[in-house]
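Below, read A as the first sequence line, B as the second, and so on, with proteins coming before strands; counting in each chain starts at 1.
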Amino acid sequence: MAGSPSTGRYEKIYAVIRKIPRGKVGTYGQVALLAGIPGAARQVGYALHALPGDGDVPWHRVINAQGKISPRTGSDHDVEQRILLESEGIIFDQRGRIPLDTFQWDPLRRSSRRTPG
DNA sequence: GCAATGACGCTCT
DNA sequence: CAGAGCGCCATTG
């Protein structure tokens, strides 16, 4: 627990992202909320920035609330993300946006398992 | 402890 | 729906 040197609160963020099912996408705010730090959507993005390419965290499933890929600085990984998402079965709008109404991850549904009631 | 940075979110037009 | 501006919070130096 508190013995995480570099990661810090990021561990909680990574844990939430890893829970995102394939074919779905989550927003920074959503991840931050589930991570226990609502309002700190920026830190979620910052945490992903520190993610290694060998990590088991599906960072490509994390996008902004606008359903678009953020134009991060000094990297072309933004293109890679779109390719990965399309590979997951997610489609993009003509403007490069994703219909969150259909692809946004819903932690309550967990896997479209029956109706929550 | 203070100041600066950052893969964002929300509201208004 | 799309575009622009301000605010929020956590991490780092």
Counting side-chain heavy atoms from C-beta on, which of [options] comes nearest to [X]?
{"X": "A/H49", "options": "B/dG9, B/dA7, C/dA2", "value": "B/dA7"}
{"X": "A/A65", "options": "C/dA2, B/dA7, B/dG9", "value": "B/dG9"}
{"X": "A/T27", "options": "B/dA7, C/dA2, B/dG9", "value": "B/dG9"}

Using whole Å, what does the distance between atom [atom2] of nucleotide [N] and atom [atom1] of [X] come to?
{"X": "A/K68", "N": "B/dG9", "atom1": "NZ", "atom2": "P", "value": "12 Å"}
{"X": "A/L34", "N": "B/dC8", "atom1": "CG", "atom2": "P", "value": "18 Å"}
{"X": "A/N64", "N": "B/dC10", "atom1": "CG", "atom2": "C1'", "value": "13 Å"}
{"X": "A/K12", "N": "C/dT11", "atom1": "NZ", "atom2": "C1'", "value": "17 Å"}
{"X": "A/L100", "N": "B/dC10", "atom1": "CG", "atom2": "P", "value": "11 Å"}
{"X": "A/D101", "N": "C/dC1", "atom1": "CG", "atom2": "C1'", "value": "12 Å"}
{"X": "A/L51", "N": "C/dT11", "atom1": "CG", "atom2": "P", "value": "14 Å"}
{"X": "A/L84", "N": "B/dA7", "atom1": "CG", "atom2": "C1'", "value": "14 Å"}

- Query: So what does A/Y28 hit on the nucleic acid, given a heavy-atom distance under 4.0 Å: a base, only sugar-phosphate, or nothing?
  - Reply: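 Base contact.
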- Task: Would you mind telling me which of A/I20, A/I17, A/L84 makes a side chain to side chain contact (heavy atoms under 4.5 Å, CB included) with A/W59?
- Result: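 In the set A/I20, A/I17, A/L84, the residue that makes a side chain to side chain contact (heavy atoms under 4.5 Å, CB included) with A/W59 is A/L84.
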- Quickly, which of A/L48, A/V16, A/T27 forms a side chain to side chain contact (heavy atoms under 4.5 Å, CB included) with A/V62? Name it, please.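 By the side chain to side chain contact (heavy atoms under 4.5 Å, CB included) criterion, A/V62 pairs with just one of A/L48, A/V16, A/T27: A/L48.
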- May I have the step-by-step check of side chain to side chain contact (heavy atoms under 4.5 Å, CB included) for A/L51 and A/Y10, ending in yes or no? CA-CA 10 Å; A/L51 272 176; A/Y10 292 170; over 6 Å; no
- Using the side chain to side chain contact (heavy atoms under 4.5 Å, CB included) rule, take A/I69 and A/F92 through it: C-alpha gap first, then chi angles, then the decisive distance, then the call. CA-CA 10 Å; A/I69 302 171; A/F92 281 74; 4.0 Å; yes
- Sequence-aligned protein contact record of nucleotides 5-10 of chain C, with B where the base is within under 4.0 Å of a protein heavy atom and S where only the sugar-phosphate is: ---BBB
- So, do A/R61 and A/E88 sit near enough that their side-chain heavy atoms are less than 4.5 Å apart?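 The answer is yes, as the side chains (C-beta and beyond) meet within the 4.5 Å cut-off.
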- Task: Taking the side chain as every heavy atom from C-beta outward, state whether A/I91 and A/E86 have any atom pair closer than 4.5 Å.
- Result: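 No; the side chains remain at least 4.5 Å from each other.
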- Query: Between A/Y46 and A/A41, which is nearer to the 5' end of DNA chain B once each is assigned its nearest nucleotide?
  - Reply: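 Between the two, 5'-proximity favours A/Y46.
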- Message: Looking at C/dA2, I'd like to know if its phosphate oxygens (OP1 or OP2) sit under 4.0 Å from a side-chain N or O belonging to A/R95.
- Response: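 For C/dA2, OP1 or OP2 has a side-chain N or O of A/R95 closer than 4.0 Å.
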- Item | Least distance between heavy atoms, A/Y28 atom then A/N64 atom |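 Where A/Y28 meets A/N64 most closely, the heavy atoms are CE1-N, 3.2 Å.
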